[in-house]
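The structure appears below as structure tokens.
All chains are named by letter (A, B, ...) in the order of the sequence lines, taking the proteins before the strands, and each is independently numbered beginning at 1.
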There are 2 protein chains.
Amino acid sequence: MFGMEPEVLERFTWYMREQSALTVMFHARVAEQMGLSATDEKCLDLAMRADGPLTAGRIADLSGLSTGAVTGVIDRLERAGYVRRVRDPHDRRKVLVEVTPGDLDKLGAPFEKARDSLVEVLGHFDDDELQVIERYLKLQTETFRRRVIDT
Amino acid sequence: MFGMEPEVLERFTWYMREQSALTVMFHARVAEQMGLSATDEKCLDLAMRADGPLTAGRIADLSGLSTGAVTGVIDRLERAGYVRRVRDPHDRRKVLVEVTPGDLDKLGAPFEKARDSLVEVLGHFDDDELQVIERYLKLQTETFRRRVIDT
DNA sequence: ATCAAATGTCTTAGCGGCTAAGATGTTTGG
DNA sequence: CCAAACATCTTAGCCGCTAAGACATTTGAT
């Protein structure tokens, strides 16, 4: 670790930064293909990655948008058929945002391709190497999450 | 490769997606801390990662913004002291956007922390493992770039 | 039970950034 | 030398965002 040449760190930093920029671009492309704005796609992604349906307010918190903006986001997503509003029967003030299951396919298209890319990449590694990589990804993701939260 | 259990792919997909969402969030935080919009920070990032100074038009191409929007972006970045306009002496129609070196420090703060995180993560791996990880990052970045370009 | 305060979402006004189109200034080629 | 191409800037109009407050529902204190 202390013996790590600075160039290694340089290269890793470069990869991270490149990935970072590519990711932002990728999301923009995905959104475009889905006929959504980047904001709308981001919120849909949040709703899809959550365990259960999110409330409008939770989406506002997670996305950093105002509640008013989220109303507009859900309006557009609902009109486009990606989600639907369901009033929470236990607390009728809340609006649950359910992702329409059928339309997960449309939306899956770009992610299918991303998955194919991943398979192609992983094909270049044997089981032991995959374990190392997964350990790295796990650690990196956790560390990055902490970093993002208190940045 | 054919023997790869589906769960591995699932987990890797999940990591990618999580990284992806975290990255978008991270950029938003960085921008906020720098007093910039996400758009402005994205363009500044482009300018910083380029070899030499970019022209306004090139920034428009790379960012996907209109030339008019880029004029506004550069105005704001210049007013904030992050870049300055320099007319290209060889073609005075062009405007070169030079990143102000002194202010790389301000801007470096969040990236410094990200770098620290990276060092911490890499510390958990020995040299052989780092080589595997770097091979993965290299391949993944290249593949992802191709994917983003023709998505 | 009742009602004030808290909570969750929606509505509205105003602002700012984006696009598209065209203006301005510069270069290129015939 | 001038017309066409090129690079950037300007402007008008649109759309999404924020902030503030309206509305509906729930909670908690009395």
request  = Between protein and nucleotides 23-30 of chain C, map the contacts as a letter string: B base, S sugar-phosphate only, - none, heavy atoms under 4.0 Å, written 5' to 3'.
outcome  = --BBS---

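Protein chain A contacts DNA chain D from D/dG16 to D/dT26, reading 5' to 3' and using non-hydrogen atoms of the protein with a distance under 4.0 Å.
Nearest-nucleotide mapping onto DNA chain D: of A/D40 and B/K94, the residue sitting toward the 5' end is B/K94. In terms of position on DNA chain D, the residue among B/V70 and A/R76 whose nearest nucleotide sits closer to the 5' end is B/V70.
Among residues two or more places apart in sequence or in another chain, the side-chain hydrogen bond (donor to acceptor under 3.5 Å, both in side chains) test is passed with B/E134 by A/R11. Residues passing the side-chain hydrogen bond (donor to acceptor under 3.5 Å, both in side chains) test with B/Q140: none are found, sequence neighbours excluded. Listed by chain and residue number, A/T67, A/V70 satisfy the side chain to side chain contact (heavy atoms under 4.5 Å, CB included) test with A/A60 (two or more places apart in sequence, or in another chain). For A/A21, the side chain to side chain contact (heavy atoms under 4.5 Å, CB included) criterion is met by B/D45, B/R49, not counting sequence neighbours. For B/R145, the side-chain hydrogen bond (donor to acceptor under 3.5 Å, both in side chains) partners two or more places apart in sequence, or in a different chain, are A/E18. Residues meeting the salt bridge (Lys or Arg N to Asp or Glu O under 4.0 Å) test with B/D91, sequence neighbours left out: B/R93. Remark: B/S117 pairs with A/T143, A/R147 by the side chain to side chain contact (heavy atoms under 4.5 Å, CB included) rule, at least two apart or across chains. Listed by chain and number, the residues in a side chain to side chain contact (heavy atoms under 4.5 Å, CB included) with B/E98 are B/P53, B/R84, B/V86 (sequence neighbours excluded).
Rounded to an integer number of Å, the gap from B/D75 CG to C/dG16 C1' is 14 Å.
Listed in residue order, the members of residues 49-65 of chain A having a heavy atom less than 4.0 Å from DNA chain D are A/G64, A/L65.
Here B/T39 lies in heavy-atom contact (under 4.0 Å) with sugar-phosphate atoms only.
For the atom pair CD1 (A/I133) and CZ (A/R135), the distance works out to 11.5 Å, reported to the nearest 0.5 Å.
Residue pairs satisfying the ring pair (Phe, Tyr, Trp, His ring centres under 6.0 Å) criterion with at least one member in residues 126-151 of chain B, sequence neighbours excluded, are listed as follows: A/F26-B/F144.
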